[in-house]
Novice: 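Okay, here's the structure, questions in a sec.
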Amino acid sequence: VFGKDITLILILNNLSFDHKTVKVDMSASTILYTRRTVAEILKATTSVDLGSKQGKHIRLKIPYSHYGKYLTTDKRIQVTALCEVMHTNGVKLLVEKTIILEDTNIIIKIPRRVVVNKAVTLEISYANPLPEPVRRCVLLVTLMNQQVKIHLAGLAPRERSKIYFEFTPRRTGPLQLQVDFSCDKFSHVKGFVTIAVAPA
């Protein structure tokens with residue numbers, strides 16, 4: 001989840017009866033959705049001895065403090081591990097994983113029944129998932145082809161807050177509500193909900 005430390009485990013298994021020594025070069029970078037690298041955030045090398053038919057786990061931790069300021073709005077991190085079996089004429093194996101960090105910041109609560117031409121109040125809950133305070137918080141609400149920009153107070157580390165938003169639907173059928181939350185440390189955290197508007 002965005003704002004938390006990331007822990008990954010690489011599992012190495014020796015399928016043969018011979019003793020093996022494996023050198024592992026691990027790296028992690030923030031990337032765009034096109035896979036273009038933005039910044040390298042971690043580099044580590046380790047060596048593992050594997051006995052006959054033995055398996056071992058290598059734990060890799062990426063703290064938020066390493067990736068936070070380099071993350072783009074795509075919220076993607078590419079992790080690679082190049083495993084080289086020593087003394088075997090350079091047998092190598094490359095393992096890659098792309099992590100997409102999830103947002104759990106926006107929660108939109110709507111009444112069970114929404115009726116045309118009758119005012120309705122929504123509860124929009126938003127959060128700071130980071131271990132540091134955020135400032136200059138802005139909520140952009142898009143509904144019925146109109147946008148409302150709401151300036152909010154800053155949030156303490158891990159703080160959640162809520163606002164109430166009132167509107168009157170002018171037609172029946174599905175209505176799409178979009179909420180976009182930004183602040184000085186991250187931007188464009190989105191929430192969506194489809195509201196079914198019933199006839200009066």
Novice: Would you say that K149 contacts L139 through its side chain, given a criterion of any heavy-atom pair below 4.5 Å between the two side chains?
Specialist: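 Counting from C-beta outward, K149 and L139 never come under 4.5 Å.
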
Novice: Considering only residues two or more places apart or on different chains, which pairs with a residue in residues 53-70 satisfy salt bridge (Lys or Arg N to Asp or Glu O under 4.0 Å)?
Specialist: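 Every pair satisfying salt bridge (Lys or Arg N to Asp or Glu O under 4.0 Å) with a residue in residues 53-70: D5-K61.
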
Novice: Checking D25 now: which residues fulfil side-chain hydrogen bond (donor to acceptor under 3.5 Å, both in side chains) with it, not counting sequence neighbours?
Specialist: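 D25 satisfies side-chain hydrogen bond (donor to acceptor under 3.5 Å, both in side chains) with T45 only.
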
Novice: For I62 and I41: C-alpha separation, side-chain torsions, deciding distance, then whether side-chain contact (heavy atoms from CB on, under 4.5 Å) applies.
Specialist: CA-CA 8 Å; I62 309 172; I41 52 175; 3.9 Å; yes

Novice: May I ask you to list the residues sharing a hydrophobic cluster with V138, side-chain cutoff 4.5 Å, ordered by chain and number?
Specialist: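 None, because no other hydrophobic side chain comes under 4.5 Å of this residue.
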
Novice: Contact between T21 and V48 at the side-chain level, heavy atoms closer than 4.5 Å - yes or no?
Specialist: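 Counting from C-beta outward, T21 and V48 never come under 4.5 Å.
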
Novice: State, to 0.1 Å, how close M144 and P169 come at their nearest heavy-atom pair, and which atoms those are.
Specialist: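 For M144 and P169, the tightest heavy-atom pair comes out as SD-CA, 4.1 Å.
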
Novice: Treating Ile, Leu, Val, Met, Phe, Trp and Tyr as nodes and any side-chain heavy-atom pair under 4.5 angstrom as an edge, say whether I31 and I77 lie in one connected cluster.
Specialist: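 No: no chain of side-chain contacts under 4.5 Å links I31 to I77.
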
Novice: Please report the C-alpha distance between R160 and S125 in whole Å, then the side-chain angles of each, then the deciding distance to 0.1 Å, and finally whether the side chain to side chain donor-acceptor pair (under 3.5 Å) criterion is met.
Specialist: CA-CA 7 Å; R160 179 168 283 281; S125 167; 2.6 Å; yes

Novice: Filter on side-chain hydrogen bond (donor to acceptor under 3.5 Å, both in side chains), then keep only pairs touching residues 128-139, sequence neighbours left out; what's left?
Specialist: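 Found Y64-E132.
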
Novice: Should K75 and V189 be marked as a side-chain contact (heavy atoms from CB on, under 4.5 Å) after you check the CA-CA gap, both sets of side-chain angles, and the distance that decides it?
Specialist: CA-CA 10 Å; K75 295 186 176 62; V189 174; 4.2 Å; yes

Novice: Please enumerate all residues that pass side-chain hydrogen bond (donor to acceptor under 3.5 Å, both in side chains) together with T98, with sequence neighbours excluded.
Specialist: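 With sequence neighbours excluded, T98 shows a side-chain hydrogen bond (donor to acceptor under 3.5 Å, both in side chains) to Q78, given in chain and number order.
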
Novice: Would you check if T194 and L177 make a side-chain contact, meaning some heavy-atom pair closer than 4.5 Å?
Specialist: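 Side chain of T194 against side chain of L177, heavy atoms only: no contact under 4.5 Å found.
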
Novice: Compare every heavy atom of L122 with every heavy atom of F167, then report the nearest pair and how far apart it is.
Specialist: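 It is CE2-CD1, 3.8 Å.
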
Novice: Looking at every heavy atom in both A200 and V116, which two are closest together, and how far apart are they?
Specialist: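 What the structure gives for the nearest pair is N-CG1, 3.6 Å.
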
Novice: Got a second to check how far R76's CZ is from L101's CG, nearest 0.5 Å?
Specialist: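 It is 10.5 Å, given to the nearest 0.5 Å.
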
Novice: Just wondering, do Y126 and L152 contact through their side chains at under 4.5 Å, heavy atoms?
Specialist: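 L152 vs Y126: side chains touch.
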
Novice: Per the salt bridge (Lys or Arg N to Asp or Glu O under 4.0 Å) rule, what does the pair list look like for residues 107-118, sequence neighbours excluded?
Specialist: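 Counting only pairs at least two positions apart or across chains, the salt bridge (Lys or Arg N to Asp or Glu O under 4.0 Å) contacts touching residues 107-118 are K109-E123.
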
Novice: Rounded at 0.5 Å granularity, tell me how far CG in L140 sits from NZ in K190.
Specialist: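 Rounded to the nearest 0.5 Å, the CG-NZ separation comes to 8.0 Å.
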
Novice: Check whether the side chains of S27 and T80 place a donor and an acceptor atom closer than 3.5 Å, and report yes or no.
Specialist: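 Indeed, the side chains of S27 and T80 share at least one donor-acceptor pair under 3.5 Å.
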
Novice: If you compare all heavy atoms of P199 against all heavy atoms of V115, which two are closest, and at what distance to 0.1 Å?
Specialist: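 Here P199 and V115 meet closest at O-CG1, 3.7 Å.
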
Novice: Report yes or no: do V179 and I195 belong to one cluster of Ile/Leu/Val/Met/Phe/Trp/Tyr joined by side chain heavy-atom distances under 4.5 Å?
Specialist: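 Per the 4.5 Å side-chain linkage, V179 and I195 are co-clustered.
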
Novice: Could you walk me through whether I108 and F192 pass the side-chain contact (heavy atoms from CB on, under 4.5 Å) check?
Specialist: CA-CA 8 Å; I108 304 165; F192 300 91; over 6 Å; no

Novice: Please identify each residue that fulfils side-chain hydrogen bond (donor to acceptor under 3.5 Å, both in side chains) with T168, with sequence neighbours left out.
Specialist: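 T168 satisfies side-chain hydrogen bond (donor to acceptor under 3.5 Å, both in side chains) with no residue once adjacent residues are dropped.
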
Novice: Please identify each residue that fulfils salt bridge (charged side-chain N to carboxylate O under 4.0 Å, His left out) with E166, with sequence neighbours left out.
Specialist: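 Applying salt bridge (charged side-chain N to carboxylate O under 4.0 Å, His left out) to E166 gives none.
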
Novice: Starting from the C-alpha separation in whole Å, work towards a yes-or-no answer on side-chain contact (heavy atoms from CB on, under 4.5 Å) for V85 and K92.
Specialist: CA-CA 6 Å; V85 183; K92 294 181 181 179; over 6 Å; no

Novice: Atom CD1 in I99, atom NZ in K97: separation rounded to 0.5 Å?
Specialist: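 That separation rounds to 6.5 Å.
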
Novice: Find the distance between OG1 (T121) and CD1 (I163) and round it off to the nearest 0.5 Å.
Specialist: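 Output value for this atom pair is 11.5 Å.
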
Novice: V95 and M86: same hydrophobic cluster, using ILVMFWY side-chain contacts below 4.5 Å?
Specialist: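 V95 does not cluster with M86.
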
Novice: Test of understanding: clusters of I, L, V, M, F, W, Y form through side-chain heavy atoms closer than 4.5 Å, transitively. Do I110 and V148 belong to the same one?
Specialist: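 They do share one cluster, since a chain of ILVMFWY contacts under 4.5 Å joins I110 to V148.
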
Novice: Could you list who else is in V38's hydrophobic cluster, with ILVMFWY side chains joined at under 4.5 Å, directly or through other members?
Specialist: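 Via sub-4.5 Å side-chain contacts, V38 links to L32.
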
Novice: By the salt bridge (Lys or Arg N to Asp or Glu O under 4.0 Å) test, which pairs, at least two apart or in different chains, include something from residues 28-39?
Specialist: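 Applying salt bridge (Lys or Arg N to Asp or Glu O under 4.0 Å) to every pair that reaches into residues 28-39, excluding sequence neighbours, yields R35-E96.
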
Novice: Write down the atom of P131, the atom of P157, and the distance for their closest heavy-atom approach.
Specialist: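 Between these two residues, the closest heavy atoms are C-CB, 3.6 Å.
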
Novice: Could you check whether atom OH of Y70 has more than 12 heavy atoms from other residues, nucleotides or ligands sitting under 6.0 Å from it?
Specialist: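 No - once you tally the heavy atoms of other residues, nucleotides and ligands closer than 6.0 Å, there are 12 at most.
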
Novice: Treating Ile, Leu, Val, Met, Phe, Trp and Tyr as nodes and any side-chain heavy-atom pair under 4.5 angstrom as an edge, say whether I106 and L130 lie in one connected cluster.
Specialist: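 Linked within one cluster.
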
Novice: Extract all donor-acceptor atom pairs below 3.5 Å that involve side chains of residues 6-20 and protein atoms in other chains or at least two apart in sequence.
Specialist:
{"from": "N14", "atom 1": "OD1", "to": "S16", "atom 2": "N", "distance (Å)": "3.0"}
{"from": "N14", "atom 1": "OD1", "to": "S16", "atom 2": "OG", "distance (Å)": "2.9"}
{"from": "N14", "atom 1": "ND2", "to": "D18", "atom 2": "O", "distance (Å)": "2.7"}
{"from": "N14", "atom 1": "ND2", "to": "L50", "atom 2": "O", "distance (Å)": "3.4"}
{"from": "N14", "atom 1": "ND2", "to": "G51", "atom 2": "O", "distance (Å)": "2.9"}
{"from": "S16", "atom 1": "OG", "to": "D18", "atom 2": "N", "distance (Å)": "3.3"}
{"from": "S16", "atom 1": "OG", "to": "D18", "atom 2": "O", "distance (Å)": "3.4"}

Novice: Between H188 and S182, is there a side-chain heavy-atom distance shorter than 4.5 Å?
Specialist: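 With C-beta onward as the side chain, the pair touches.
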
Novice: Output all residues satisfying side-chain hydrogen bond (donor to acceptor under 3.5 Å, both in side chains) with Q147, sequence neighbours left out; order by chain, then residue number.
Specialist: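 For Q147 the side-chain hydrogen bond (donor to acceptor under 3.5 Å, both in side chains) partners, ignoring immediate neighbours, are T142.
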
Novice: Ignoring hydrogens, what is the shortest heavy-atom contact between C137 and F181? Give both atom names and the distance.
Specialist: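 Looking at all heavy atoms of both residues, the shortest contact is CB-CE1, 3.8 Å.
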
